Amino acid sequence: MSGLVDMNRDFKDIEMLDIPVEDDDDVDTTISSSETEGIVSDSPTSNEQVDKTSNYKEPLSDASTSSSLSNYFSSNTEYVPLSQYLDTDDVLSFHFDQDRYRASLEKQTPLDQKYITYVESDFRTVQKLAVNLKSAEDESLFQPIGVITSQNEMPQYSKSQIIDDAYDSIVDHLKSAFADKTEISNGDELGGKFNYLLITLECLRAACFNSDVRRVPELIVKWVNKFDPQPSPELIDEVMTTTPQPYAHPLFWNTLVSKTVCRGLFDQSYNILEHSQYKDLEGSEDDLFLAISNLKTLLSSYTPMALKGQFPQWKLSACQFRDDLALINISTTDDSARNFYQIMQSQIYDIACILTGFSRTIADYCENWYELYLAYSLYQIRDDESVYSEYFQQALKEQPPVFSSDQNECSDYDRLTESCLLKILEGRLLKALESIFNLDPATAAYVSLLLEYKGYLDSYYSNDIHRGNNLRDLFNKKKISEYFLLHHAYNCLNIHPLVPVGIGLLSDKRLNPSSKARERNKRIIAHFLPKYEIVFDGDQEWALTVCADLHLVSTAKDIYYQAGLRAFNRGFLYEALANFVDCYDPDKTSGAYHKEGLQQIQYIVWDVIFTDCIICNKPIQDELINNIVDQKVDLVIHPMIQQCISPYAVLKEFYDSLKAGRSDSSLLISKIVHLLNFNFLPEKFKPLLLCQFLPFLEGKSKLRQPDLFTIIELIEDYENDTNEQNKKDGEKLYAASVSHKEEEQLESYDWRRSSRIPNKFSEMIKLLRHQLTIQIGQNFIE
């Protein structure tokens, strides 16, 4: 109706409210959530009509209920085994766990937040690593051959060093995230889990992620002493605290000092000797006193000399120290004291033999295979990468593990970790990854990628090379790291704070070189994003940015739809309309109309805004909508929203004019006439619109005869052309308006203020006809 335009300026006729019919022959040219390959979908197909409002749930409140890492961070989803994944065409299917996801929306504990930070930091590290590796690769391609670089130029990092630095960052993230032992101890088994995970990562760093062979023994020192801390605090207390002269305690040399020496705890060894009261020997047994002083010097010089590549010189000093011990002169003539000092001399000699790398002596003083492995690494040949495998085999031969590595490893973390350490040193890295996975799937994912980059997993693909597969097939071949990364990404999608990590892992081209994987991941993202809860202001913008980057037009429309539902449920009518408008796609750029958005616009405009206004006989209590209608805002209003709220704009202007006391009755009732003649007006509203004429028929002001005949014609049209269902719906609205008149403060113009208001609209029609007859008669008489 053009009259609506004339009466309300920019608010236009609502032709777009006519819902288009979906063409079954048209195909969605973008990825739709109903077409996700390899996904167990819980949503209907695109051909089904669905009430999506019923699927919406408000985010859980920020309740005091604490979440726990052991709850929603751990997935119960069963995936195909790794071997089956690699050897078949089976894919890892994403399963959205709504219960886990909603639980993750609750308030996180400090420990949860630390874990989230840890995962996010690791993700940023591998993202940056992928970029750095690509840059290093590009630079190497364009590096001139045979050009001598200046000494002043910055040295170029090797690919191996770049990967090692990334691995160091992951270890550092784990340390910093779970450094607070008090907080971790409150997390049940979590303290043990992440402590053992750190041990495993330190071992793997020493074995695989260390470009400087001179650092290897010190790295072994870290994981051995973290895995099995020795000497025990009880032993230290007994020897050093309860004894006046600790150096004279029976366990001082052959247990306490020898243990710290075998473990490479040089600072601790030095401090023990410093506080052992050995200086009491000065003046009485000067040779012993000097020997212990020289031992202190020898121990304190080990690390600085070894790391400078001066281990051979240090070893020579150790041999000299050992040989000098045989020349010690015991001064005392007391047989008992002499015997005691000779025993001490013998024990110090054993320590010297350990320092000089005597295999037999080391084996006598070490209690298990990893302690032996550490002592061999420290005191035999240390700056040769090839010898460490021999040390490991020699240690296993001397001190076999107390359990078989093929037994069930998951009974406790000690057993699982020791088994994993053995697998790492044996080079069984795939089995080691599975053990790391049992401790933390996220860490296993990132570590597997770094192992892949370093080439440690290449041997598992050697068969493909010999089979003669073409280059394209090899490029798209599934990788071990892909399995762990996918598992981790899917887990992240079920944990709200980690969704950006999951999306990042699936969408990053450098992390997903396979074109098949990228397309599959794109479908998974398209399926998931409409389920993503918008909690913070930037969440929706981020999700839409992802859609834009991946060209997910249809998914973006779904996100707008969900945003509209959220806004509507929270009472933000304009925000809901704006999102539903963005959801609707009249040009089918996404391959479909997404007409559900238009249906929601209709519902808000008619069943919420217009219904509230016509029942209460006054504008709705929504300041923003009213300001938009009155053109009091600087917002750029979408044309469709202008069109859709124009019926309400006309009705509001009618009530505003009545309240302002305008006396032009013909102009006022023309607004209601235009609404009643509006093609898209739902029939159920006509009874209450016809009621608006009652004050004009009862008042002192007389209507013009054409206006009276127009009203009669509108009543006749309603009675003759309205079907029974619409009449019943109209009666309900009429009853609702009448029944609430006592509860409201009625405006002076409200037709319900009349003392003759019947309870049924059928009676109201009789009243209207009666009043029309009176006025027509009066006009005829006059």
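Everything numeric in this text was worked out from a predicted model, so none of it was measured. Note that these values count all heavy atoms, side chains included, but never hydrogens, waters or copies made by symmetry. In this chain, numbering begins with 1 at the start of the sequence shown.
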Tell me if a side-chain donor or acceptor on N569 pairs with a main-chain N or O of L565 at a distance below 3.5 Å. yes

Which pair of heavy atoms, one from L457 and one from S448, lies closest together, and at what distance? CD1-O, 3.8 Å

Please report the interatomic distance CG(L198) to CG(L439), rounded to the nearest 0.5 Å. 11.0 Å

If you measure from the Lys or Arg side-chain nitrogens to the Asp or Glu carboxylate oxygens, is any gap between E434 and K423 under 4.0 Å? no

Using the ring centroid of each side chain, check whether Y79 and H487 are separated by less than 6.0 Å. yes

Can you check whether L450 reaches V126 side chain to side chain, under 4.5 Å on heavy atoms? yes

All heavy atoms of S160 vs all of S211, minimum pair found to be OG-OG, 3.5 Å

Examine Y532 together with W542 and report whether their ring centres are nearer than 6.0 Å. yes

Which value, rounded to the nearest 0.5 Å, describes the distance between L425 atom CG and L421 atom CG? 7.0 Å

Are the side chains of S93 and V91 in touch, meaning some heavy atoms are under 4.5 Å apart? yes

Does the plane of the ring in Y456 sit parallel, tilted or perpendicular to the ring in F209? Use 30° and 60° as the thresholds. perpendicular

Testing I524, N521, L505 one by one against L486 for a side-chain contact (heavy atoms from CB on, under 4.5 Å), which residue passes? N521

Side-chain contact test, heavy atoms from C-beta onward, threshold under 4.5 Å: evaluate it for F484 versus L82 and give yes or no. yes

Identify whether NZ of Lys or CZ of Arg in K479 sits under 6.0 Å from the centre of the six-membered ring of Y461 and within 45° of that ring's axis. yes

Working note: N210 + R215, criterion side-chain hydrogen bond (donor to acceptor under 3.5 Å, both in side chains); need CA distance, chi angles, decisive distance, verdict. CA-CA 7 Å; N210 175 46; R215 294 179 59 219; 3.3 Å; yes

Check against side-chain contact (heavy atoms from CB on, under 4.5 Å), E533 and R102: CA-CA 9 Å; E533 293 278 2; R102 293 194 64 76; 3.1 Å; yes

Using the side-chain hydrogen bond (donor to acceptor under 3.5 Å, both in side chains) rule, take Y118 and S176 through it: C-alpha gap first, then chi angles, then the decisive distance, then the call. CA-CA 8 Å; Y118 167 66; S176 60; over 6 Å; no

Is there a donor-acceptor contact under 3.5 Å from the side chain of Q108 to the main chain of S104? yes

When you compare the side chain of D549 with that of S507, does any pair of heavy atoms fall below 4.5 Å? no

Any chance you could lay out the side-chain contact (heavy atoms from CB on, under 4.5 Å) test for I495 and V501, step after step, and finish with the verdict? CA-CA 10 Å; I495 303 167; V501 173; over 6 Å; no

Would you say the ring centers of F580 and Y561 fall short of 6.0 Å from each other? yes

To the nearest 0.5 Å, what is the distance between OG (S377) and CD1 (I220)? 3.5 Å

Say whether N438 and S435, considering side chains only, have a donor N or O and an acceptor N or O under 3.5 Å apart. no

Tell me if a side-chain donor or acceptor on H173 pairs with a main-chain N or O of S169 at a distance below 3.5 Å. yes

Could you check whether any side-chain N or O of D558 sits under 3.5 Å from a backbone N or O of T555, counting only pairs where one atom can act as donor and the other as acceptor? no

E482 and K516 ion-paired at < 4.0 Å: no

D582 side chain to N579 backbone, donor-acceptor under 3.5 Å: no

Side chain of K454, backbone of C208: donor and acceptor closer than 3.5 Å? yes

Tightest non-hydrogen contact, residues P401 and L422, listed as CG-CD1, 3.8 Å

Q393 side, atom CD; L396 side, atom CG - distance, nearest 0.5 Å: 5.5 Å

On a heavy-atom basis, which atom in A207 and which in I424 lie closest, and how many Å separate them? CB-CG2, 3.8 Å

Are H496 and Y101 close enough that their ring centres sit under 6.0 Å apart? yes

Parallel under 30°, tilted from 30 to 60°, perpendicular over 60°: which one fits the rings of Y196 and Y413? tilted

Pair C203-I199, side-chain contact (heavy atoms from CB on, under 4.5 Å): steps then yes or no: CA-CA 6 Å; C203 178; I199 293 164; 5.7 Å; no

Does Y490 reach the main-chain N or O of H95 with its side chain, forming a donor-acceptor pair under 3.5 Å? no

Once you round to the nearest 0.5 Å, how far does CD of E452 lie from CG of L433? 9.5 Å

Can K557 be said to sit on top of Y584's aromatic six-ring, NZ or CZ under 6.0 Å from centre and within 45° of the ring axis? no

Would you say L506 and N512 make side-chain contact, with heavy atoms under 4.5 Å? no

Could you tell me whether the side chain of E418 reaches within less than 4.5 Å of the side chain of D414, counting heavy atoms only? no

Identify whether the distance between the nearest side-chain nitrogen and carboxylate oxygen of R205 and E202 falls below 4.0 Å. yes

Locate the shortest heavy-atom distance separating E120 from P497; write the atom from each residue and the value. OE2-O, 3.8 Å

Aromatic ring proximity, centroids under 6.0 angstrom, Y373 and Y370: no

For the residue pair Y446 and V119, what are the closest heavy atoms and their distance? OH-O, 3.6 Å

When you measure from the side chain of K478 to the backbone of T88, do you find a donor-acceptor pair of N or O atoms at a distance under 3.5 Å? yes

I want to check something: taking the side chain as every heavy atom from C-beta on, are R100 and L493 in contact at a cut-off of under 4.5 Å? no

What about the rings of Y560 and H594, do their centers lie closer together than 6.0 Å? no

Within 6.0 Å of CD in Q113, more than 12 heavy atoms from elsewhere: yes

Apply side-chain contact (heavy atoms from CB on, under 4.5 Å) to Y167 and V447, showing your working. CA-CA 8 Å; Y167 187 86; V447 169; 4.1 Å; yes

Ignoring hydrogens and angles, tell me if any N or O in the side chain of K193 forms a donor-acceptor pair with the backbone of D440 under 3.5 Å. no

Find out whether S481 and L451 are in side-chain contact, i.e. whether some heavy atom of one side chain is under 4.5 Å from a heavy atom of the other. no

Residues Q98, N494; criterion side-chain hydrogen bond (donor to acceptor under 3.5 Å, both in side chains); working and verdict: CA-CA 7 Å; Q98 186 170 0; N494 281 308; over 6 Å; no

Might you confirm whether atom CD of Q84 has over 12 heavy atoms from other residues, nucleotides or ligands at distances under 6.0 Å? yes

When rounded to the nearest 0.5 angstrom, what is the spacing between CD1 in I503 and CG in L550? 8.0 Å

How far apart are the C-alpha atoms of Q394 and W369, what are their side-chain angles, what is the distance that settles it, and do they pass the side-chain hydrogen bond (donor to acceptor under 3.5 Å, both in side chains) test? CA-CA 9 Å; Q394 185 180 351; W369 66 268; over 6 Å; no

